[in-house]
> 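Quick one: this structure, given as structure tokens, is what I'll be asking you about.
Quick caveat, the model's predicted, so the values are computed rather than measured. Lettering follows sequence order; numbering is per chain, from 1.
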Amino acid sequence: MLEIKDAVISVEDTPIIKGLNLSIPAGEVHALMGPNGAGKSTLSKFIAGHEDYTLESGTISFNGEDLSDMDIHERAAAGLFLGFQYPVEIPGVANHYFLKTAINAQRKERGEEELDTAAFLKELKKEMSELKMDPQFKSRPVNVGFSGGEKKRNEILQLALLKPKMAILDESDSGLDIDALQVVAEGVNRLRNQERSFLLITHYQRLLNHIKPDVVHIFADGVIVKSGGFELAQQLEAEGYKAFA
Amino acid sequence: MTNLNPVDATNDQQADDIDNYVSADYEHGFVTNIETEYAPPGLNEDIVHFISNKKNEPEWMLEYRLKAFRYWQTLKEPTWAHVSYPPIDYQAICYYAAPKSMEDKPKSLDEVDPELLKTYEKLGIPLHERAALAGVAVDAVFDSVSVATTFRDTLEKAGVIFMPISEAIQKHPELIQKHLGSVVPHTDNFYAALNAAVFSDGSFCYIPKGTRCPMELSTYFRINALNTGQFERTLIVAEEGAYVSYLEGCTAPMRDENQLHAAVVELVAEQDAEIKYSTVQNWYPGDDNGKGGIYNFVTKRGICRGARAKISWTQVETGSAITWKYPSVVLQGDNSVGEFYSVAVTSKKQQADTGTKMIHLGKNTKSTIISKGISAKHGQQSYRGQVLIQPKADGARNFTQCDSLLIGGDCGAHTFPYIDVKNQSARVEHEASTSKVNEEQIFYCQQRGLKEEDAVNLIVNGFCKDVFRQLPMEFAVEAQALLNVSLEGAVG
Ligand SMILES: Nc1ncnc2c1ncn2[C@@H]1O[C@H](COP(=O)(O)OP(=O)(O)OP(=O)(O)O)[C@@H](O)[C@H]1O
Ligand SMILES: [Mg+2]
């Protein structure tokens, strides 16, 4: 589904990602772990199409399509979702309105019918209750005044409603209390299926206890230094990054 | 206390991406081809006589105009506003223009020149009642004359007077003599004096005691003629316990020459009366290089004469090359309320110096000011607001929130609040912020599927929400659409 080959990605002419190979087939869950400043968020924003990041060499494709040719919103409509490490506040725009606008924008881009409001609201209500979100978050402005954990939960709500083909979740577990972590993990597990892929960016094994990954990648200084199974996360937890240096 | 706090957009990375858009067309920029009767250009006592004559005015009105004209001659154009433009040659402007077909005062819509009716239809304001917006009565002013006023019968039954001010001068001289110039005297300022001398048309609304006006009233101003100023004069009087919601809309053709619009609007609210005055101003803003566009120099003021009276100004200002406008409220009655909600956009090379004045005279008077300024491209905008609490205004309260949003690095936002409190029991709060539409917000929206331009619109509309929700529903939708058009091309 997602294929990245020999990618060198730079910010203002400084390479951050220095020759990355990553292949995530449909239906698989991959975890990406790496120290602060390694370039994990850089990679996720680059995949989503952020203009600050330039592909100096290498290739990136999504479902066989060259992502370099696609605008940010086109990538979204093609089924790429990014759960932000730092979700952005949009004052004055109600959460439900934002979601509906986003869903319909994607549908329009794909040449589909607009979602009918009643159906949307029904689904929204259902997903919010699954995620144990207070109904007031429906009409509050997007992320404004949300606590760190509430923002993360709101990202998962968007994920659940947008139903992408591939979701990159950048530290969706950071800042969550134990119960919230459970709720978010359940949310992801519910969405897991044969077609949908995930890239989970995380610092901690505990998220992976709840969401069992198919592959774990250890990422440091712009390259993947090791890939393997769940045991890599356990080794990391026990020994720290020096084990992979 | 005077606080000068200019905030300029700094050039940064973001600015590089901005400015490379095709500009949105001003969709109301067409010209109506009709025969027009003009007064010869220039301003002197003969012209004042000419205008008064054209309108068949009584002697007292002519005297008022002449007094104002003579006073105006002693004044200098104000220069304190934070705007710049080449000097205006007041002798090159034409002070009266009217469609020839209006000469023998059509008695009904059937007699109005179809070209004129078509113009309004094109602007989305059908004047035939069956096609008209439900629940909105319209007075349509074309250059210097009113061409039609709808739903007059319905309103008359409720006792409401809604007619062109030129007609009211004939039919209701006692009301006009009592109120005209009572809120904005001809001595108020340079443009108010000019307006008093040469005002052409505008609306008169009178809501009798205890009456809730059964429909929204609105006036639609259209400047069509070349090199002509429009000097509208509007007067709204709400007697004790009356209520009215009034909306004003404005457009003009795209012309390379600047055109002057110097209006005066006066509102009188007696005890327990309420006037809601909304403006959607979309005068031609000029092109991207600052050529053409309307100079909008306007004096708007309301007075809450009696206890518990309330006046709200809501304005959405997207047009005009230069705006100079401070809709104000004099809070005379105890417990009276004044509100000002404003969204102003300056894009292209537009300049706006706008804000409000809240003058607290009575006890427990309350005012709220919410101002949202948006600047894009090379737009320059200043908020200038005065809150004055006089010694007798025990328990007066004001809340001011004044936010500026910058799109791109070449525009500017400035804030000039003047707060003068002469009563210790008063409470005055002022909040101000300047922010930029930031790249991360746009990226977030785009990642969720919105196109860049739709993302900017969503963010800007969110920024303006507190003001839009003050507008009547159908106009809120219009205002939102207008905002999107005005900002088209602002980010790229
Ligand atoms: N827009 C930018 N401008 C300048 N430097 C940047 C930019 N984006 C990322 N960087 C730099 O690239 C490096 C990688 O940052 P990134 O945010 O991708 O790290 P990360 O792996 O997500 O770290 P963390 O675990 O702390 O979230 C950092 O040194 C960061 O300062
Ligand atoms: Mg990160």
> For A:Lys45, is it the side chain, the backbone, both, or neither that has a heavy atom closer than 4.5 Å to a heavy atom of chain B?
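When you check distances to chain B, atoms from both the backbone and side chain of A:Lys45 fall under 4.5 Å.
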
> Between B:Phe340 and B:Trp313, is the gap from one ring center to the other below 6.0 Å?
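When the ring centroids of B:Phe340 and B:Trp313 are compared, they turn out to be at least 6.0 Å apart.
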
> For A:Pro87, which atoms come within 4.5 Å of any heavy atom of chain B: side chain, backbone, both, or neither?
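Its backbone and side chain both get close to chain B.
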
> Report all side-chain donor-acceptor pairs from residues 30-43 of chain A shorter than 3.5 Å, counting only partners two or more places apart or in another chain.
from: A:His30; atom 1: ND1; to: A:His217; atom 2: NE2; distance (Å): 2.9
from: A:His30; atom 1: NE2; to: A:Glu28; atom 2: OE1; distance (Å): 2.7
from: A:Asn36; atom 1: ND2; to: A:His203; atom 2: NE2; distance (Å): 3.4
from: A:Lys40; atom 1: NZ; to: A:Gly34; atom 2: O; distance (Å): 2.9
from: A:Lys40; atom 1: NZ; to: A:Pro35; atom 2: O; distance (Å): 3.0
from: A:Ser41; atom 1: OG; to: A:Gln85; atom 2: OE1; distance (Å): 2.7
from: A:Ser41; atom 1: OG; to: A:Asp170; atom 2: OD2; distance (Å): 2.6

> For B:Tyr444, which atoms come within 4.5 Å of any heavy atom of chain A: side chain, backbone, both, or neither?
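For B:Tyr444, the contact with chain A is made by backbone and side chain together.
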
> Hey, do the aromatic rings of A:Phe146 and A:Phe137 have their centres closer than 6.0 Å?
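Yes.
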
> Do B:Glu317 and B:Gln281 meet the criterion of a side-chain donor-acceptor pair at a distance under 3.5 Å?
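On atom types as modelled, these side chains qualify, holding a pair under 3.5 Å.
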
> Residues in side-chain hydrogen bond (donor to acceptor under 3.5 Å, both in side chains) with A:Thr101, at least two apart?
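Partners of A:Thr101 under the side-chain hydrogen bond (donor to acceptor under 3.5 Å, both in side chains) test: none.
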
> Chain B heavy atoms under 4.5 Å from A:Glu89: which part of the residue, side chain, backbone, both or neither?
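For A:Glu89, backbone heavy atoms alone lie under 4.5 Å from chain B.
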
> Please look at A:Tyr86 and chain B and tell me whether the side chain, the backbone, both or neither of the residue comes under 4.5 angstrom of a heavy atom of that chain.
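Answer is neither: A:Tyr86 stays 4.5 Å or more from chain B.
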
> As an exercise: rank A:Ile103, A:Val88, A:Ile90, A:Val93 by heavy-atom pairs under 4.5 Å with chain B and give me the winner.
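Of A:Ile103, A:Val88, A:Ile90, A:Val93, A:Val88 has the most heavy-atom pairs under 4.5 Å with chain B.
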
> Select one option (side chain, backbone, both, neither) describing which atoms of A:Leu162 are under 4.5 Å from chain B's heavy atoms.
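Contact with chain B: side chain only.
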
> Could you tell me whether A:Lys125 atom NZ has more than 12 heavy atoms of other residues or ligands within 6.0 Å of it?
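Counting neighbours around NZ of A:Lys125, 12 or fewer heavy atoms of other residues, nucleotides or ligands fall under 6.0 Å, so no.
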
